[in-house]
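Read the structure below first, then the notes.
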Amino acid sequence: MDLGLAGKACIVTGASRGIGLAVAERLCQAGAGTLLVARSAERLETAAASLQEHPGKAKALALDVTAPDAAERIHAAAHEAFGRVDVLVNNAGSAQWRALDDVPDEDWYAAWELNVMAPLRMMRAVIPEMRERGFGRVVNVASTAGKRPS
């Protein structure tokens, strides 16, 4: 199936494994240049290397998306690699299952930064250029736990 992504420039956060890596692989298979972003440099390099056989070029950026300047740094890296951003896949996220009384405030804040603020900052960084060009796609990957906690 032709996804119409050949030659497009994409960013995928949380791309070193799982859903993020699977998405990055599909984008690269479709011929899109893809910037893989994740915290673990070692896993990320392995992931990017595994995609080199595909038509789309895979680049890696080891970075914590919750860093205050992460969105700007990711955006700049995508421009350096591909000259623009056409697609953003906000996939970085996590959850821990614990009793409410066992979750300290700093864990609540960390979850908020990772699952809400980091995607918001990424969208703020890339949507203006997408709007200006009249093309762009943003996909936010989330868990049903945000709607209906376990």
Side-chain angles (χ1 to χ4, degrees), residues 3 5 8-30 32-51 54 56-100 102-150:
L3 300 175
L5 294 170
K8 298 294 185 196
C10 307
I11 297 170
V12 180
T13 65
S16 63
R17 60 188 173 142
I19 293 170
L21 179 55
V23 168
E25 182 174 23
R26 291 300 302 240
L27 293 169
C28 288
Q29 286 172 345
T34 306
L35 180 65
L36 285 69
V37 181
R39 290 179 293 188
S40 172
E42 185 177 327
R43 275 199 314 241
L44 191 58
E45 289 299 331
T46 300
S50 75
L51 303 179
H54 300 302
K57 188 183 333 179
K59 297 284 186 176
L61 176 63
L63 180 68
D64 183 343
V65 296
T66 65
D69 64 344
E72 290 79 18
R73 291 172 56 195
I74 295 166
H75 189 230
H79 270 265
E80 182 178 322
F82 308 116
R84 67 186 188 286
V85 177
D86 298 306
V87 177
L88 167 64
V89 180
N90 278 315
N91 175 69
S94 71
Q96 294 181 346
W97 305 110
R98 296 180 285 178
L100 182 64
D102 294 336
V103 183
D105 285 358
E106 45 282 352
D107 287 4
W108 283 107
Y109 289 118
W112 176 259
E113 283 294 320
L114 178 59
N115 297 303
V116 178
M117 293 308 297
L120 174 64
R121 291 181 190 117
M122 283 303 307
M123 290 184 291
R124 284 180 180 157
V126 302
I127 287 175
E129 78 172 90
M130 291 175 175
R131 183 182 305 124
E132 187 176 299
R133 277 196 331 273
F135 178 85
R137 302 291 184 264
V138 175
V139 178
N140 291 312
V141 179
S143 166
T144 59
K147 182 176 179 184
R148 188 183 50 165
S150 299

In Å, rounded to the nearest 0.5 Å, how long is the span from [atom1] of [X] to [atom2] of [Y]?
X	Y	atom1	atom2	result
N140	M122	CG	CE	10.5 Å
L51	Q29	CG	CD	8.5 Å
C10	L88	SG	CG	9.5 Å
T13	L63	OG1	CG	10.5 Å
E80	L61	CD	CG	10.0 Å
R84	K8	CZ	NZ	6.5 Å

* Using a strict cut-off of less than 4.0 Å between a Lys/Arg side-chain nitrogen and an Asp/Glu carboxylate oxygen, indicate whether R121 and E113 qualify as a salt bridge. => yes

Is it the case that atom [atom1] in [X] sees more than 12 heavy atoms from other parts of the structure closer than 6.0 Å?
X	atom1	result
E132	CD	no
E72	CD	yes
I19	CD1	no
F135	CZ	yes
R133	CZ	yes

Expected output: side-chain [X] to main-chain [Y] donor-acceptor under 3.5 Å:
X	Y	result
T66	D64	no
D86	A9	yes
N91	G14	yes

Looking at [X] and [Y], what are the two nearest heavy atoms and their distance?
X	Y	answer
R98	V103	NH2-CG1, 3.8 Å
F82	K59	CZ-CG, 3.8 Å
G20	V12	O-CG1, 3.6 Å
N90	P119	ND2-O, 3.4 Å
N115	A92	OD1-O, 4.3 Å
A78	V85	CB-CG2, 3.6 Å

Original post:
Under a 4.5 Å cut-off applied to non-hydrogen side-chain atoms, are P68 and M117 in contact?
Top reply: no

**Asked** Is there a side-chain contact between I74 and I11, using heavy atoms and a 4.5 Å cut-off?
**Response**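 Result yes, sub-4.5 Å side-chain heavy-atom pair found.
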
Worksheet entry | By ring pair (Phe, Tyr, Trp, His ring centres under 6.0 Å) - contacts of H54 (at least two apart) |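 Listed in chain order: nothing, the list is empty.
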
**Q.** Verdict with reasoning, H75 to E129, per side chain to side chain contact (heavy atoms under 4.5 Å, CB included)
**A.** CA-CA 11 Å; H75 189 230; E129 78 172 90; 2.4 Å; yes

inquiry  = One pair to check against side chain to side chain contact (heavy atoms under 4.5 Å, CB included): V139 and V23. What are the steps and the verdict?
reply    = CA-CA 11 Å; V139 178; V23 168; over 6 Å; no

